[in-house]
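Here is the structure we will look at, set down as structure tokens.
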Amino acid sequence: MASNRKKWFYMISFVGLLFLDIVAVVECIKWLSLQHSHLNWNLSSNNNHARGIRSGVTSPCALARRKYGLVKIQAKLCRGSMEVMPHIQNAALLTTETCQLIFNDRRWNCSSIAKAPHLTPDLTRATREQAYVYALSSATLTHTLARACASGNLHQCTCAGRPTNPNTEQFQWGGCGDNVRWASQFSKKFVDNMEKKSLEKREKSKEEGSKVAVQEAVAVINLHNNKVGRKMISGNLKTQCKCHGVSGSCNIKTCWKALVPIQEIGKQLLQKYTNAREVSRGIVNKLDSKVNSKKVLSADQLIYLTKSPDYCTKDEKLGSFGTVGRHCNVSSTGLDSCRILCCGRGYRTVVEEKIERCQCKFYNCCYVKCKICRTKTKVFECS
Ligand SMILES: *[C@@H]1O[C@H](CO)[C@@H](O)[C@H](O)[C@H]1NC(C)=O
Ligand SMILES: *[C@@H]1O[C@H](CO)[C@@H](O)[C@H](O)[C@H]1NC(C)=O
Ligand SMILES: *[C@@H]1O[C@H](CO)[C@@H](O)[C@H](O)[C@H]1NC(C)=O
């Protein structure tokens with residue numbers, strides 16, 4: 001009786017999981033929502049409490065799965081490597097900040113990634129913008145973890161191993177390099193696994209309708225763009241050195257490989273965004289069957305499936321928020337100019353008044369007196 005019930009339970013959950021996987025297939029960046037979380041990650045990973053359920057303490061990983069959209073495999077990694085989670089959370093925040101900084105002056109300004117785990121269609125239909133976000137988030141995750149390894153914050157990894165090319169006359173390898181190798185592997189496990197799994201499952205039962213086929217293509221594209229992101233990190237290391245020797249003579253020099261700032265990576269990815277390649281589902285199918293995918297697509301190029309709208313007008317179905325009310329720059333001729341940002345609809349001039357403390361002066365050493373200043377600035381808002 002009991003075992004029968006168990007059987008049913010397993011069967012139902014199996015079907016449920018299959019369904020969930022298909023739905024979740026294009027949504028592996030939901031972890032970016034961890035930027036909003038205040039979870040307490042200090043339950044140690046080899047503590048039984050980490051599983052939560054029985055002890056009555058809900059594990060932060062279970063909460064992250066429920067509230068912040070971690071997929072099953074990510075929650076499992078979370079339980080096994082909880083010390084990594086605060087860094088993943090930092091990476092989520094850093095991804096958002098970097099993306100919004102880089103796209104600040106554009107019609108699509110990366111505001112949608114702050115909505116995770118709720119994803120809007122601009123980030124689910126395999127658009128150019130989605131390609132950027134996937135690449136940037138996997139790059140940022142790799143970057144953050146590589147740094148964390150080198151700064152001694154993680155038990156699972158340390159400084160990078162020495163580069164294989166030999167020491168030269170000028171310097172020796174030493175110091176502590178950022179551990180991109182470990183970070184890249186972990187990041188791959190964290191962001192790729194789910195989509196890979198569902199693709200494998202799909203391979204086995206290839207009779208679903210065209211809707212699933214689209215999602216399959218989206219998954220393949222996401223995986224590719226994730227890889228481009230990770231490669232941006234491993235391909236962009238700079239050699240940094242430190243001099244030793246008598247009073248700065250620098251007759252001994254130690255060098256190591258270090259990361260470049262993530263904003264730099266974000267800018268380079270922007271170029272790849274501009275040059276991203278539209279691919280057809282036919283090409284994606286070829287990639288899927290692993291027919292020499294390197295020949296079909298360069299691992300340096302972002303790819304997308306669906307053309308983006310111009311993001312001028314609001315259209316929720318397309319994930320376009322429109323530019324009404326955006327601040328434009330009257331003296332610019334670039335993308336943030338009122339002409340381009342407002343899509344030719346014109347703009348309004350609004351006078352904003354700021355009230356601030358100003359002209360502060362010290363009196364008798366210890367106390368400060370300020371005036372209240374009102375400053376008026378003009379801002380220009382797209383109609
Ligand atoms: C986690 O750490 C905080 C302080 O850092 C402490 O107050 C709290 O009790 C800890 N939580 C657990 C579950 O260990
Ligand atoms: C980005 O665009 C959205 C939608 O148009 C807008 O609501 C938001 O204020 C913009 N953010 C910035 C920083 O301009
Ligand atoms: C507007 O654009 C001009 C020219 O590109 C630039 O110098 C200025 O800093 C911009 N102003 C703002 C508020 O971004």
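Counting convention: from 1, in listed order, for ligands and their atoms alike.
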query: For the residue pair W108 and Y311, does the interplanar ring angle fall in the parallel (under 30°), tilted (30 to 60°) or perpendicular (over 60°) class?
result: tilted
With K272, the side chain to side chain contact (heavy atoms under 4.5 Å, CB included) member among T274, N275, L269: L269
query: Is S138 close to F190 at the side-chain level, that is, under 4.5 Å between some pair of heavy atoms?
result: no
- prompt: Are R125 and T120 close enough that some pair of their side-chain heavy atoms sits under 4.5 Å apart?
  reply: no
- prompt: Taking C-beta and beyond as the side chain, do Q35 and T95 meet within less than 4.5 Å on heavy atoms?
  reply: no
- request: Answer yes or no: does an N/O atom from F321 fall short of 3.5 Å to an N/O atom of ligand 2?
  value: no
So what's ligand 3 close to, N/O to N/O, under 3.5 Å?
from: ligand 3; atom 1: 2 (O); to: N329; atom 2: OD1; distance (Å): 3.3
from: ligand 3; atom 1: 2 (O); to: N329; atom 2: ND2; distance (Å): 2.4
from: ligand 3; atom 1: 11 (N); to: N329; atom 2: ND2; distance (Å): 2.8
from: ligand 3; atom 1: 14 (O); to: N329; atom 2: ND2; distance (Å): 3.4

- prompt: Is Q100 touching ligand 2 with its side chain, its backbone, both, or neither, if touching means heavy atoms under 4.0 Å apart?
  reply: neither
message: Under 3.5 Å between any N/O of T323 and any N/O of ligand 2: does that happen in this structure?
response: no
- prompt: Parallel, tilted or perpendicular for W173 and F171, by the 30°/60° rule?
  reply: perpendicular
- prompt: Within a strict 4.5 Å, meaning less than it, do heavy atoms of the C255 and Q240 side chains meet?
  reply: no
